[in-house]
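Single-structure report; data block below.
All values below come from the heavy atoms of this structure, side chains included, with hydrogens, waters and symmetry mates left out. What you see is a predicted model, and the numbers here were worked out from it, not measured in a lab. Order of the sequence lines sets the chain letters (A, B, ...), proteins ahead of strands, with each chain counted from 1.
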Amino acid sequence: MTTQETVLHPAAIIEELKKNEFTHVVWLPDSETNFMYQLLTNEPTLDLVPVCREGETMAIAAGLWVGGKKPVVLIQNTGIFESGDSIRGLGLDVNQPLVMLVGYRGWSRHGITNDSAARFIEHILHAWGISYYLIETDDDAGRITSALEEAERTSKPVAVLVGTEFGA
Amino acid sequence: MIGNTDAVRLLDSKREDSVFVATMNANNVGFGLPSVTTKEPLDFPISGAMGKASSVGLGLALAQPNRKIMVLDGDGSLLMNLGTLVTLSNKAPKNMYHFLFDNGVYAVTGGQPVPGAGKVDWEDMAKGAGYAAVFSFDNLEDLTTGIDQALATQGPVFIHLAITPEIENTPVAFRPRARRSVQTAFRELPVALGSD
């Protein structure tokens with residue numbers, strides 16, 4: 001049974017982004033984040049930068065960062081697979097302290113996960129030496145702050161895996 | 001056709017305080033931007049990022065709206081990231097000038113033709129993607145007389161340049177190395193921009 005305590009609301013994520021003074025959300029929508037889109041388009045402190053393919057996000061974020069802004073990337077785990085060379089060349093190699101919010105398609109705490117997007121993602125992040133945090137409820141939203149602190153301390157990208165669909 | 005060095009030298013002479021985001025032949029150590037630049041701290045080489053120069057340029061243009069951002073792209077590079085044309089025109093940064101150095105080949109890998117060489121209409125593609133203005137030059141004289149108008153036009157502007165291919169067949173291990181690395185540029189540009 002889903003209770004209020006186990007729901008992740010997009011407002012909780014956006015409040016965390018605002019608290020940390022992120023300036024731009026560079027993203028490609030996925031099926032879980034429609035409510036997030038509606039809130040983002042009405043949030044004046046966050047500039048939404050939609051892309052056509054996920055590999056653009058780390059490159060756009062790199063330009064924003066060098067130009068003095070604080071971007072966050074929001075894509076699905078499938079997009080991480082597509083973005084490999086951007087994460088390597090414009091994230092890891094140039095020490096970009098980038099927070100990547102990543103929809104964890106296929107994630108489940110129960111039973112067997114058949115979705116290869118879920119089965120491979122943590123292995124890929126391990127291979128790149130990218131740390132990650134898991135968010136499943138509103139109570140976990142503070143892990144975005146933890147991820148940002150680690151990204152800035154280590155000068156590396158850090159992922160936040162969003163392990164549940166957003167509630168309305 | 002326009003010589004690579006001639007094109008980069010002319011753009012450099014017109015740059016004022018613009019940032020150059022340069023890739024591939026436009027950033028070639030021997031005949032590209034590093035060989036002629038007059039404001040190296042504002043040069044941002046992105047040769048290792050496989051088609052993402054315009055994406056980095058978009059981020060810079062959004063972060064620095066009062067400064068011109070000139071992306072010096074290659075046709076092979078842009079083909080790797082064609083969606084960028086729409087992503088960029090959708091955000092429509094008024095300070096973005098996207099130059100395409102179109103030589104029709106993968107020059108640094110031996111000169112193999114890029115897909116669609118001689119068939120793709122880059123002007124139509126940029127117009128169709130929604131750029132505010134599109135220019136095209138196929139000789140140095142016209143570029144010299146037309147560049148001021150292009151740079152005076154509100155962006156995002158796409159400028160197609162027909163460039164003479166300069167093929168590199170020297171083994172990579174024996175080619176001259178860039179004196180200034182991508183990592184160095186990432187450290188130095190924020191200082192030059194005052195955004196550090």
Open item on the list: Quick one, B:Lys52 and A:Leu90 - any side-chain contact, counting heavy atoms below 4.5 Å?
Closed with: yes
Task: Value rounded to 0.5 Å, distance of CG in B:Asn90 from SG in A:Cys52 - done: 8.0 Å
Open item on the list: Between A:Asn95 and B:Phe186, does the side chain to side chain contact (heavy atoms under 4.5 Å, CB included) criterion hold? Intermediate values first, please.
Closed with: CA-CA 9 Å; A:Asn95 303 313; B:Phe186 266 85; over 6 Å; no
TODO: Evaluate the criterion side-chain hydrogen bond (donor to acceptor under 3.5 Å, both in side chains) for residue pair B:Ser55 and A:Glu56; output intermediate values, then yes/no.
DONE: CA-CA 6 Å; B:Ser55 305; A:Glu56 298 173 61; 4.5 Å; no
TODO: Spell out, yes or no, whether B:Met1 and B:Leu161 are grouped together once hydrophobic residues are joined by side-chain heavy atoms under 4.5 Å, including indirect joins.
DONE: no
Task: Common cluster, B:Phe101/B:Val105, ILVMFWY with side-chain heavy-atom separation under 4.5 Å - done: no
- [ ] Flag the pair A:Asp93 / B:Val182 as yes when at least one side-chain heavy-atom distance between them is below 4.5 Å, and no otherwise.
- [x] no
Task: Carboxylate-amine/guanidinium contact A:Asp47 B:Lys91, below 4.0 Å - done: yes
TODO: Give the member of B:Leu193, B:Thr84, B:Val86 that has the highest number of heavy-atom pairs under 4.5 Å with chain A.
DONE: B:Thr84
Task: Co-membership, hydrophobic cluster, residues B:Leu100 and B:Met125, 4.5 Å side-chain - done: yes
Open item on the list: Which residue in the set A:Val51, A:Ile60, A:Val26, A:Leu64 passes side chain to side chain contact (heavy atoms under 4.5 Å, CB included) when paired with B:Leu58?
Closed with: A:Ile60
Open item on the list: How long is the straight-line distance from OG of A:Ser86 back to CG of B:Asn81, given to the nearest 0.5 Å?
Closed with: 7.5 Å
Open item on the list: For B:Lys94, I'd like to know if atom NZ has over 12 heavy atoms of other residues, nucleotides or ligands within 6.0 Å.
Closed with: no
Task: Transitive ILVMFWY side-chain link B:Val21 to B:Val8, under 4.5 Å - done: no
Task: Donor-acceptor pair, side chain of B:Ser195 and main chain of A:Val66, under 3.5 angstrom - done: yes
TODO: To the nearest 0.5 Å, tell me how far A:Trp65 CH2 sits from B:Leu189 CG.
DONE: 10.5 Å
TODO: Group every Ile, Leu, Val, Met, Phe, Trp and Tyr by side-chain heavy-atom contacts under 4.5 Å, then state whether B:Ile147 and B:Leu140 land in the same group.
DONE: yes
Open item on the list: Can you give me the closest heavy-atom contact between B:Ala63 and A:Gly63, atom names plus distance?
Closed with: CB-O, 4.3 Å
Open item on the list: I'd like to know if the side chain of B:Gln64 and the backbone of A:Gly67 have a donor-acceptor N/O pair within less than 3.5 Å.
Closed with: yes
